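Contents: one structure, followed by commentary.
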Amino acid sequence: QKVGTIGKGYANEYDAHLHFEIRKSDLPVDNWPKAKATILEHYYEPSVFIAAHQKPLVPCVISATGATFIEETDDCVEKGGKYWWDADGSGGHALYTYTTSDPTVDSYLKWYLDVAESGNFEFEVLVPEITNLSTKAAYKFWLPGEYWVTIDQSKFAGGWASLGVFELKAGAEMALRLDDNTGEAYVGEGGTVIGYDALRITPSVEVGMDPNALPSEADTSGTVSDDV
């Protein structure tokens, strides 16, 4: 079944693209009113519609008795933004995107978490085995409270990087997020990328890190600590 054609539209006005729209009303095929007021009357704004109707995320439950593995494709992981590329990784798949120095985030992954039993847990991330990895990948924790741990992904390509040991409390809202705006400028193909793969959370006998000792904002200055 044909779902689109390549061309420049009426009077060669538009570059070739596949158009997707969500209509409020029954309209003739290929109907596209040019007046903004008419568009708003007959069409939903896609991002608002999707946000209102998407399946709610259910947190992944962290085991208190063994390691919990969470893939980047699991239901508790929110994938935001539109610029993504595939790579080899855990379970046969990983993701990456290019870094930017923009103040606004474009692409990100956010892991929503819960814990079956309070305790201390080590967080580790699997870094895809790709080149030109970010040296300033800033992982944001909500434990609750907001804290950042910044690592040099290029030192861990193809392996696990520890983000540290944290005290987690059952019933608290928790999440981990990694954004693309590391402060490393986007230069296109061959530029710096940031990788996303599995997350491993393991019960630990070590004492959890003191959240007060962690920065409350991302480090994009170029100074990176691997002592995490």
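The structure displayed is predicted, hence computed values, not measured ones.
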Measuring from [X]:[atom1] to [Y]:[atom2], what's the distance to the nearest 0.5 Å?
X      : Y      : atom1 : atom2 : value
Ser107 : Asp179 : OG    : CG    : 9.5 Å
Asp75  : Tyr112 : CG    : OH    : 13.5 Å
Arg200 : Glu124 : CZ    : CD    : 4.0 Å
His42  : Asp26  : NE2   : CG    : 11.0 Å
Ser101 : Asp180 : OG    : CG    : 10.5 Å
Thr97  : Asp106 : OG1   : CG    : 6.5 Å

Shortest non-hydrogen contact between [X] and [Y], atoms and distance:
X      : Y      : value
Asn132 : Gly191 : CB-O, 3.4 Å
Ser154 : Thr135 : OG-CG2, 4.0 Å
Pro203 : Ala64  : CG-O, 3.5 Å
Ser134 : Thr99  : CB-CG2, 4.1 Å

State, with a plain yes or no, whether a side-chain heavy atom of [X] is found less than 4.5 Å away from one of [Y].
X      : Y      : answer
Thr192 : Leu133 : no
Lys140 : Trp148 : yes
Ile201 : Val115 : no
Asp197 : Val125 : no
Val105 : Arg177 : yes
Leu199 : Leu176 : yes
Cys76  : Ile70  : yes
Lys79  : Leu95  : yes

Examine the side chains of Glu72 and His93 and answer whether a donor and an acceptor come within less than 3.5 Å of each other.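 Yes - a donor-acceptor pair under 3.5 Å links their side chains.
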Please tell me whether Glu122 and Ser204 have a donor and an acceptor in their side chains that are separated by less than 3.5 angstrom.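 Per modelled atom types, Glu122 and Ser204 side chains form no pair under 3.5 Å.
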Between [X] (side chain) and [Y] (backbone), is there a donor-acceptor pair under 3.5 Å?
X      : Y      : result
Asn120 : Glu206 : yes
Trp84  : Gly80  : yes
Ser63  : Thr68  : no

Heavy-atom neighbours of [X] [atom1] exceed 12 at 6.0 Å:
X      : atom1 : result
Asp102 : CG    : yes
Glu78  : CD    : yes
Lys24  : NZ    : yes

Check against side chain to side chain contact (heavy atoms under 4.5 Å, CB included), Leu168 and Leu143: CA-CA 7 Å; Leu168 305 182; Leu143 296 177; 3.9 Å; yes
Per the ring-ring contact (aromatic ring centres under 6.0 Å, His included) rule, which among Trp111, Phe121, Phe123 passes with Phe141?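 Only one of Trp111, Phe121, Phe123 forms a ring-ring contact (aromatic ring centres under 6.0 Å, His included) with Phe141, namely Phe123.
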Can you classify the ring geometry of Tyr96 versus Trp85 as parallel (below 30°), tilted (30 to 60°) or perpendicular (above 60°)?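 It falls in the parallel class, under 30°.
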Test of understanding: clusters of I, L, V, M, F, W, Y form through side-chain heavy atoms closer than 4.5 Å, transitively. Do [X] and [Y] belong to the same one?
X      : Y      : answer
Val77  : Tyr139 : yes
Ile130 : Leu126 : no
Tyr83  : Tyr186 : yes

Report the C-alpha separation of Gln153 and Leu178 in whole Å, then their side-chain angles, then the decisive distance to 0.1 Å, and conclude whether the side chain to side chain contact (heavy atoms under 4.5 Å, CB included) test is met. CA-CA 12 Å; Gln153 282 193 341; Leu178 180 60; 3.9 Å; yes
Could you walk me through whether Thr73 and Glu71 satisfy the side chain to side chain donor-acceptor pair (under 3.5 Å) test, starting with their C-alpha distance in whole Å, then the side-chain angles of each, then the deciding distance to 0.1 Å, before giving a yes or no? CA-CA 5 Å; Thr73 54; Glu71 298 288 353; 5.6 Å; no
